[in-house]
Amino acid sequence: MSAAPTGSPTTGLTDKILNGVERAGNKLPEPFMLFLVLFAVTGVVSTAMAWAGVVVTVPGSEDPTVIKGLFTGEGLTWLTTTLGENFIGFPPLVTVLPILLAIGIAQHSGLLAAGIRKLFGTSPAWLLPYVVGFVGVISSIMADTAFVVVPPLAALVFKAAGRHPVAGLLGGFAAAGAGYSTNIFPTSLDALFAGITTSVMGALPGFETTAVNPVSNWFFNIASSIVLGFVAGFIIDKVLEPRLTRQGIHRDEVAVEGAEKSAESTENMRAALTPEENRGLLAAVLSAAVLTAVFLVAFLLPDSPWRNEDGDFLPESPLLSSIVFIVVAYFVVLGLAYGIATKTVRSTRDAVEMMTESLKEMLPFVVLAFVLGNFIALFNWSGIGTWIAVTGAAGLEGVGLTGFPAVLGFILLASCLNLFIISGSAMWAIMGAVFVPMFALIGYEPAFTQAAFRVGDSATQIITPMNPYMIVLLGMIRKYEPGAGLGTLMARMLPFVVPFWIVWTVILAVFFVADLPLGPGNPIFLEK
């Protein structure tokens with residue numbers, strides 16, 4: 001078959017639907033403006049409810065919560081006296097920023113990219129799809145950089161192994177995007193989600209739940225990463241690559257404008273590591289072993305100060321409260337070891353510049369956190385969050401939707417919203433503010449609601465035109481298919497979406513039915 005149809009007008013039903021999604025998504029305001037509007041709406045609604053004398057009582061609590069209005073004397077003084085505190089005290093900033101500083105060293109020293117290339121370069125041809133699938137899923141440790149690093153590298157190693165490079169290109173992107181919310185390693189995203197989850201639980205003052213930290217979903221994430229990596233590899237191997245072959249898609253880049261520059265970039269993005277880079281990885285591995293030994297000795301001593309008063313680590317202990325420090329320590333030590341061995345880190349100044357670059361990439365979120373922190377603070381202070389949680393939980397119980405079906409509905413809603421709101425942190429701030437307290441009232445720990453959100457947050461982002469990296473991918477694939485359009489990408493990505501959604505939901509269901517801990521000391525159900 002010819003590849004010519006990719007250049008034909010996009011008038012099919014799928015394209016019409018996707019174009020509708022694009023038009024609807026484009027009408028949404030930017031995240032900063034979105035939360036500014038939500039802040040104003042919450043202020044107006046809270047004021048109306050306060051004037052109406054609305055009160056709500058949390059089950060198990062004797063004291064009712066009185067709704068307070070923003071546009072009242074009390075509300076306006078609250079805002080003017082706590083504006084900065086709401087921003088600086090926003091929990092995600094406390095955890096995300098230190099981890100980002102550390103990841104900056106690991107990333108800009110070259111450690112993360114070298115590790116990915118090592119995994120690619122040492123894999124036999126038959127195993128490549130599964131390696132690309134697994135590496136793609138865990139590449140979120142590099143944040144959005146994964147979308148521009150993994151796909152071209154995967155294409156490169158596929159071609160070198162005699163396989164279809166476009167399968168590697170598309171498969172790497174699909175795995176990185178559809179599995180973005182999970183990882184076998186704790187990442188800055190874990191810290192971000194945990195911070196938001198913690199902050200929204202303020203809607204239920206005095207309600208006892210297990211504390212959420214960056215490893216509260218770790219066991220669930222490990223299982224998800226391994227299984228989804230295999231699923232991605234299977235789809236690349238058995239569905240995507242055979243279809244590309246049947247369609248007669250070029251295995252070599254075609255001569256298009258800018259091809260010379262593209263070839264030069266591809267040449268520089270080699271899969272094989274230099275001897276110096278291999279020495280750097282060896283130094284990183286050895287430093288990881290030494291650091292692990294130090295931690296084990298410090299934490300496992302019978303009288304370790306990182307144990308709780310009972311001499312244990314669960315359910316709470318200084319060790320669990322030190323997760324951010326531990327993650328930071330590993331990234332810094334391994335990044336420095338690699339950088340020193342490869343001479344990408346020659347002085348303290350180099351390390352500082354790497355951390356600075358990492359923070360620069362996060363500045364848009366820091367700006368967003370200003371309005372985000374104040375929105376969540378208002379949501380909690382006004383009592384609206386409590387009112388929504390109590391009435392919503394009662395409504396779910398009223399229609400009998402309280403078990404796993406309620407969780408399925410939540411996941412489906414997140415998947416649909418993900419077509420329009422690509423920012424996971426922005427969407428979790430909106431959904432978490434409502435569903436974390438609501439699900440807590442029907443018996444679910446906040447960490448479980450957060451885990452369910454992860455399932456709905458990722459899979460559909462690889463088929464929405466709202467994803468800015470779809471345009472980046474389009475530029476990459478046009479080197480092989482000059483006539484490819486967004487419809488081409490959607491069609492190629494769709495085989496990943498439904499299997500990822502179903503398999504990930506099944507994994508969550510297994511944890512739910514077996515009542516397995518989601519992370520260290522984080523159960524699914526609240527204690528009665």
Side-chain angles (χ1 to χ4, degrees), residues 84 87-116 138-149 180-181 183-199 212-216 218 221 280-281 283-285 287-288 290-292 294-295 298 318-370 372-373 423-425:
F87 170 43
I88 302 299
F90 188 43
L93 293 179
V94 178
T95 52
V96 172
L97 295 183
I99 291 178
L100 273 174
L101 290 173
I103 289 180
I105 295 177
Q107 179 178 342
H108 294 292
S109 66
L111 170 64
L112 298 182
I116 288 176
I138 67 170
S139 65
S140 61
I141 197 171
M142 302 172 67
D144 287 1
T145 307
F147 290 110
V148 294
V149 170
Y180 192 81
S181 288
N183 211 302
I184 61 174
F185 305 108
T187 70
S188 58
L189 188 65
D190 294 297
L192 181 58
F193 281 175
I196 293 174
T197 305
T198 299
S199 65
V212 179
N213 59 57
V215 294
S216 289
W218 195 23
N221 283 346
L281 285 180
V285 170
S287 66
V290 172
L291 184 60
T292 300
V294 171
F295 280 154
L319 175 61
L320 291 184
S321 299
S322 302
I323 293 300
V324 172
F325 171 82
I326 294 171
V327 173
V328 167
Y330 271 106
F331 279 123
V332 168
V333 171
L334 271 65
L336 288 177
Y338 179 88
I340 292 171
T342 58
K343 296 182 174 58
T344 56
V345 178
R346 298 175 181 270
S347 66
T348 306
R349 176 177 295 180
D350 292 332
V352 171
E353 288 179 355
M354 291 174 182
M355 291 188 285
T356 301
E357 286 300 315
S358 182
L359 282 184
K360 284 180 181 177
E361 296 166 5
M362 197 63 178
L363 283 179
F365 171 73
V366 175
V367 174
L368 178 62
F370 174 72
L372 193 59
S423 170
S425 58

### Derivation and outcome, side chain to side chain contact (heavy atoms under 4.5 Å, CB included), residues Leu97 and Val366
CA-CA 9 Å; Leu97 295 183; Val366 175; 4.2 Å; yes
Shortest non-hydrogen separation from [X] to [Y] and the atoms involved:
X	Y	answer
Ala284	Leu111	CB-CD1, 3.8 Å
His108	Glu357	NE2-CB, 3.7 Å
Ala341	Gly280	CB-CA, 3.7 Å
Met355	Leu101	CG-O, 3.1 Å
Ser109	Gly339	CB-CA, 4.1 Å
Leu281	Gly115	CD2-N, 4.1 Å

Which value, rounded to the nearest 0.5 Å, describes the distance between [X] atom [atom1] and [Y] atom [atom2]?
X	Y	atom1	atom2	answer
Thr197	Asn213	OG1	CG	10.5 Å
Leu112	Phe185	CG	CZ	9.5 Å
Phe193	Ile196	CZ	CD1	7.0 Å
Ile105	Glu353	CD1	CD	12.0 Å
Ile326	Phe331	CD1	CZ	13.0 Å
Asn221	Leu189	CG	CG	9.0 Å

### Thr292 and Tyr330 side chains, donor-acceptor separation under 3.5 Å
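The criterion, which ignores hydrogens and geometry beyond distance, is satisfied for Thr292 and Tyr330.
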### Residue pair Thr344 / Asp350, side-chain heavy-atom distance below 4.5 Å
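Answer no - side chains too far apart.
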### Query
Is there side-chain contact between Val324 and Ile99, with at least one heavy-atom pair below 4.5 Å?
yes
### Query
For the residue pair Tyr180 and Phe147, does the interplanar ring angle fall in the parallel (under 30°), tilted (30 to 60°) or perpendicular (over 60°) class?
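Geometry flag for Phe147 against Tyr180: parallel rings.
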### Message
Run the side chain to side chain contact (heavy atoms under 4.5 Å, CB included) test on Val285 and Tyr338 for me, step by step, so that the C-alpha distance in whole Å, both residues' side-chain angles and the decisive distance to 0.1 Å come before the verdict.
### Response
CA-CA 9 Å; Val285 170; Tyr338 179 88; over 6 Å; no
